[in-house]
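Please read the structure below before turning to the comments.
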Amino acid sequence: METVKERQTETKKETTMKISGAEAIIHCLLAEDVDLVYGYPGGAIMPVYDEFYKFQDKLTHILTRHEQGATHAAQGYARVSGRVGVAIATSGPGATNLVTGLADAQIDSTPMVCITGQVPRHLLGSDAFQETDIIGISTPVTKWNYQITEASEIPEIMAKAFYIAKSGRPGPVLIDITKNAQFEEFDFAYKKCKGVRSYNPIPKPNVGSLEAAAALINNAKKPFIVWGQGVILGQAEEELKAIIEKAGIPAAWTIMGESAIPTSHPLNVGMVGMHGNYGPNVLTNECDVLIAIGMRFDDRVTGKLDEYATQAKVIHFEIDPAEINKNVAADVAVLGNSKETLDLILPMLNHNKHEAWHNKFKEKYQIEFDAVIKNDIHPTKEKLTMGEVIEEINIASKNRAVIVTDVGQHQMIACRYAKFEQSKSNITSGGLGTMGFALPAAIGAKQGAMDREVVAIIGDGGYQMTIQELGVIFQHQIPVKIVVLNNDHLGMVRQWQELFFNKRYASTVMVNPDFVKIAEGYHIESKRVSERKDLKATIQEMIASDKPYFLEVKVEQEDNVFPMIPSGASVSEVRLK
């Protein structure tokens, strides 16, 4: 297999040649070190697909079964590999089918470049066949978008697209290319983008802010860190670990930040948010200094805003100035890349232990263990629980697996109970909450880290939204492990109906097909478990397999996820039952 350097050299040799816009797209991708693209062909993008055929020895294209699947696969690939994910589609419905994935990537800060075909320039605005204003549609859900109408624009716009997608706070970019621009020939030359006028992706840290933050932390009696995905995106895992160990600060995570610090670390006190751990939620309203690192104070984390950490001084480490004071007012804002800012503040911090404060988290954990955790992972009830399934996966994978979750009860249970020793191990749809995310995202995650075990945890509802992507797993023999936790309900909606709508179960019962037979139809090894005595051995068999594997686990139908902060309640009003 040729190296990236050889591939770039070959591209440079061809820079003086007159080539088509479609071929230029391929050379741009190669120049950006792209070796994997997800997509679905159609008339308006066909010239580019013709070039894929010619360059298939240099660039792998994965035909997903739906364009939404292409975006989620690109997201999974990006989240695990740290590289830019690429998805491609035709015009009209092909382009509009990308929108959910774009919105998901935008709110979860995932670097992705989507390329869509468009009708020829002279037909724009004429309601031509499969013409849709994807630029107008995608503007609210992209970091940047642009429509190319001339081939000569391609190199500059593609270079800018990749730069914007991966710089600063990452996000999705969409490039729409008219069909005439794909056919036109021009003198191709490519230069990677190193900056865009008026775009400052990484603010320069302010020394005064760092000193003020350090003073607050050093004088704190009850400091508390909440970190988010900004730590992972900034590659600041070691810097965060060094700070919490030096200053002795208990630290909790949002679901997007999970796995940055090993689950087993003694200063890792768990998850915050609606279904987070009891201690981190309740003690948010007891800390005297709240240090937020690379998180955006989402409503699922804060609960009722006017009762969130009102007693605390707030320090906000953030790369995006738009997030400062957006939801929670910061007493000190530290702008910049988390790796740099945490490294700069570390020498300013005093050594500390805060033992009495730590003991409060331990006391709250014991309360939660007795009321919730014990019953979730070591149940005495006859029916299987979602928590014990996650625990068996932890054991079989030795806490080394990448866990990809969909959205719902299973997602919250997986985030609560999955154990991680390595960063970039928890891949989920956080901000948008996209059902159907997990199966295609697991495909991308596996292709982004072939040396790692990838397990998709999915509910029976979300699974059927993108179930067709089993075809990708079969066609390419991608060794993803798929676990469907089947309770024959839209579980999270059913839980809310039980708790807040007087058990009026409107449209939440699922009459499901035979999932095992469907997987067998795709020639994927499949099993179903409904009894506890079969669970451990089957999960061990699944993890040991070097091939794709589907496992359906029939779990308790009316199992609820606790703790829970009811919508509109404060973090102090956590329900344990």
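Predicted model, so just to flag it, every value in this text is computed and none were measured. Each residue takes its place number in the sequence, starting with 1.
Residues Ser138 and Thr142 share a closest heavy-atom pair of O-OG1, 2.9 Å. In terms of heavy-atom proximity, Ser167 sits nearest to Tyr199 at OG-OH, 2.7 Å. The two residues Met435 and Gly461 come nearest to each other via the heavy atoms CE-C, 3.7 Å. When all heavy atoms of Ala95 and Thr116 are compared, the closest pair comes out as CB-CG2, 3.8 Å.
Salt-bridge formation is detected for the pair Lys326/Glu323: a Lys NZ or Arg NE/NH1/NH2 atom is positioned less than 4.0 Å from an Asp or Glu carboxylate oxygen. A salt bridge does not link Glu525 with Lys481: every distance from a Lys NZ or Arg NE/NH1/NH2 to an Asp or Glu carboxylate oxygen is 4.0 Å or more. Electrostatic pairing of Lys54 and Glu23 does not count as a salt bridge here, judged by no charged N lying under 4.0 Å from a carboxylate O. With salt bridges taken as basic N to acidic carboxylate O contacts below 4.0 Å, none links Arg300 and Asp298.
Checked against a 6.0 Å centroid threshold, the rings of Phe550 and Tyr463 count as neighbours. For Tyr38 and His72, the gap between ring centers reaches or exceeds 6.0 Å.
A donor and an acceptor atom, one from each side chain of Tyr190 and Glu156, are nowhere located under 3.5 Å apart. Side chains of Ser259 and Ser425: no donor on one and acceptor on the other come within 3.5 Å.
Ring geometry for Phe297 against His316 counts as perpendicular: the plane angle is over 60°, on a 0 to 90° scale with 30° as the lower cut.
For Asn337, the side chain to side chain donor-acceptor pair (under 3.5 Å) test picks out no residue, with sequence neighbours left out.
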